[in-house]
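Because only heavy atoms are used, hydrogens play no part in the values below, and waters and symmetry mates are left out as well, while side chains stay in. Numbering of residues begins at 1 and proceeds along the displayed sequence.
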Amino acid sequence: MINFRKITEENFKTIIDMKRPNDEYFVASNTYSLAQAWLYRDANDVYPFAIYNDDEAVGFMMLDEDLEERCLIIWRIMFPEKNEGDCAPSNKRARHIYEKIGFRDTGEIENGENIFRLDF
């Protein structure tokens, strides 16, 4: 079963070691993302998580809380190649999957990444 866990001393190295092949980097490294989460820690609106399938770490996700819109934004989501599906403008496969499960492209691009939204 898929579940989300806090980044802890026990899973930190596993998350940091998750990488994409250099020629397919569609998303910032987990190291960079965790540094950003630390940088914005005083705002209390950035939440990094390890993505687990049962007890196996399979990916990384960072949420950003938008208080004005009253929503959570998936700021980053990264899966190593064996569990892949990241989204950049050139990643048509991931875009199709996101749209199929209900995300919609907002038309915004930030730091080279498409901004998708899922309303509940």
What pair of heavy atoms forms the shortest contact from T14 to A57, and how long is it?
-> CG2-CB, 3.8 Å
One should read off an interatomic distance between S29 OG and M18 CE, to the nearest 0.5 angstrom, of 13.0 Å
Dump the intermediate steps for side-chain contact (heavy atoms from CB on, under 4.5 Å) on D45 and L67, then the final yes or no.
-> CA-CA 9 Å; D45 64 353; L67 296 175; 5.7 Å; no
With K6, which residues qualify under side chain to side chain donor-acceptor pair (under 3.5 Å), at least two apart?
-> none
Taking N53 for the side chain and E56 for the main chain, is one N or O donor matched with an acceptor at less than 3.5 Å?
-> no
Please answer: with hydrophobic residues joined when any side-chain heavy atoms are less than 4.5 Å apart, are M78 and I115 in the same cluster?
-> no
Greater than 12 external heavy atoms within 6.0 Å of R70's CZ | no
Stepwise, does the side-chain contact (heavy atoms from CB on, under 4.5 Å) test hold for Y47 with M61?
-> CA-CA 8 Å; Y47 310 98; M61 177 173 64; over 6 Å; no
In the single-linkage hydrophobic clustering (I, L, V, M, F, W, Y; side-chain heavy atoms under 4.5 Å), do F49 and V58 co-cluster?
-> yes
Co-membership, hydrophobic cluster, residues F60 and F12, 4.5 Å side-chain = yes
Indicate yes or no for a side-chain donor-acceptor contact from N3 to the backbone of D54 under 3.5 Å, with no hydrogens or angles considered.
-> yes
Going hydrophobic residue to hydrophobic residue with side-chain gaps under 4.5 angstrom, can you get from M62 over to L34?
-> yes
Between N11 and A50, what is the shortest heavy-atom contact and its length?
-> ND2-CB, 3.8 Å
Any chance you could measure S33, atom OG, to I15, atom CD1, to the nearest 0.5 Å?
-> 11.0 Å
Verify same cluster id: I109, I74 (apolar side-chain graph, 4.5 Å) | no
Those residues that, when tested against D105, pass side chain to side chain donor-acceptor pair (under 3.5 Å) (two or more places apart) | R95, N114
Which atom names give the shortest non-hydrogen contact between D55 and R5, and what distance separates them?
-> OD1-NH2, 2.9 Å
Main-chain N/O of V46 paired with D64 side-chain donor or acceptor, under 3.5 Å | no
Would I77 and I51 satisfy side-chain contact (heavy atoms from CB on, under 4.5 Å), going step by step from the backbone distance to the final call?
-> CA-CA 9 Å; I77 191 163; I51 302 171; 4.1 Å; yes
In short, K13 meets D17 closest at the heavy-atom pair NZ-OD2, 2.6 Å
